[in-house]
Protein chains: 2
Amino acid sequence: MTEVRTSEYVGSCEVTDMPNDPFQWDAREDCEVRQILDRIADKWSLLVMALLENGTLRFTELLRLVDGVSQRMLTVTLRQLERDGLVSRTVHPVVPPRVDYSLTDLGRSLNATVLALVTWTESHQSDIAVARARYDESAAS
Amino acid sequence: MTEVRTSEYVGSCEVTDMPNDPFQWDAREDCEVRQILDRIADKWSLLVMALLENGTLRFTELLRLVDGVSQRMLTVTLRQLERDGLVSRTVHPVVPPRVDYSLTDLGRSLNATVLALVTWTESHQSDIAVARARYDESAAS
DNA sequence: CGGAATCCACGCCGATACTG
DNA sequence: CAGTATCGGCGTGGATTCCG
């Protein structure tokens, strides 16, 4: 194993008071929500999962489809996703080697949930653009 | 303005082929989804928004509630959230100065959407824990 | 083909000091 | 009180090289 760190953050980071908060997750940096958040927000995970939604792909196919990803980062990303049970990896004992990647049920489940966030962004991107324009303009004082 | 970078990533990163993909967002690093993703996934934004869900808070109150955040990062985080129109900032012209922060409607809307993701994580964290344990065990060969 | 290992650059973020 | 400015560590990720 090379990278695939266990997200072993250090330092405590707990909210001392959070009355009636709709977000039940605490603020520990290693809490479950943070781990999933880090996964879906990292540079390539979401894109890889989106592509695998259409079916099984080989390593090289992903490398070609995810334009801009390095071999190293694709490997690291796939290992993380595999470790979290979101993607399954199948090695075919042939020469040349062939490795297939596909989504697990858990991965498809997460994809569906993330889609809600993508949808929100699409329907509110103009609001954000307007807000930014206003902010940047008034900041240019 | 000190930090608050406009997420000015460089380099293109487009998916060349993505047939029937449920994720309609392209893979450009500066696409809207990526920007929102970066915002909700950064270290403090989500936590700040969660706290503001309960009502208006002052800078110092946030600094105390978000245990572990530095003054600098709280400032930067709030500026980003304000720029995106997710949080509103109200300066009271008194001495000592008093600044109130609260969620905008847009911020509340995003919070609600993110909550779905938090819920998903809570109901699937055991699956992920099991998957990780299995992976780590088989990797310890 | 599908990696693993190494080196390195850049950006995030924390610590600290200073200010209206 | 609510910032701003500066410095520096360190983690993420890109480029490159080598391997089964």
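All chains are named by letter (A, B, ...) in the order of the sequence lines, taking the proteins before the strands, and each is independently numbered beginning at 1.
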Considering only side-chain heavy atoms of [X], which listed nucleotide, [options], is closest?
| X | options | answer |
| --- | --- | --- |
| B/R58 | C/dC13, D/dA2, D/dG13 | D/dA2 |
| B/K43 | C/dA4, C/dC1, C/dG14 | C/dG14 |
| A/P97 | C/dG3, C/dC1, D/dG14 | C/dC1 |
| B/R79 | D/dT4, C/dG14, D/dG14 | D/dT4 |
| A/F59 | C/dG3, D/dG14, D/dG3 | C/dG3 |

Pairs counted as Watson-Crick or G-U wobble with both distances under 3.5 Å: what dot-bracket string results for DNA chain C, using | for bases tied to another strand? ||||||||||||||||||||
Side-chain N or O of [X] versus OP1/OP2 of [N]: is the shortest distance under 4.0 Å?
| X | N | value |
| --- | --- | --- |
| B/R72 | D/dT4 | no |
| A/Y101 | C/dG3 | yes |
| A/R64 | C/dC1 | no |

To the nearest angstrom, how far is [X] atom [atom1] from [N] atom [atom2]?
| X | N | atom1 | atom2 | result |
| --- | --- | --- | --- | --- |
| A/Q71 | D/dC19 | CD | C1' | 12 Å |
| B/L57 | D/dA2 | CG | C1' | 15 Å |
| B/H92 | D/dG3 | NE2 | C1' | 16 Å |

Enumerate the salt bridge (charged side-chain N to carboxylate O under 4.0 Å, His left out) contacts for residues 91-101 of chain A, please, sequence neighbours excluded, ordered by first and then second residue.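 Passing the test, one end in residues 91-101 of chain A: A/R98-A/D100.
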Could you list the residues that satisfy salt bridge (Lys or Arg N to Asp or Glu O under 4.0 Å) with A/R108, not counting sequence neighbours?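 Testing A/R108 for salt bridge (Lys or Arg N to Asp or Glu O under 4.0 Å), a comparison that skips the adjacent residues, returns A/D105.
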Counting only N and O atoms by type, is there a donor-acceptor contact under 3.5 Å from the side chain of B/S45 to the main-chain atoms of B/A41?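 Looks like no, no N/O pair under 3.5 Å.
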For the side chain of B/T121 and the backbone of A/V33, is there at least one donor-acceptor N/O pair under 3.5 Å apart?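 Absent.
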Rounded distance (nearest 0.5 Å) linking atom CG of A/L110 with atom CD1 of B/I128: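 These two atoms lie 7.0 Å from each other.
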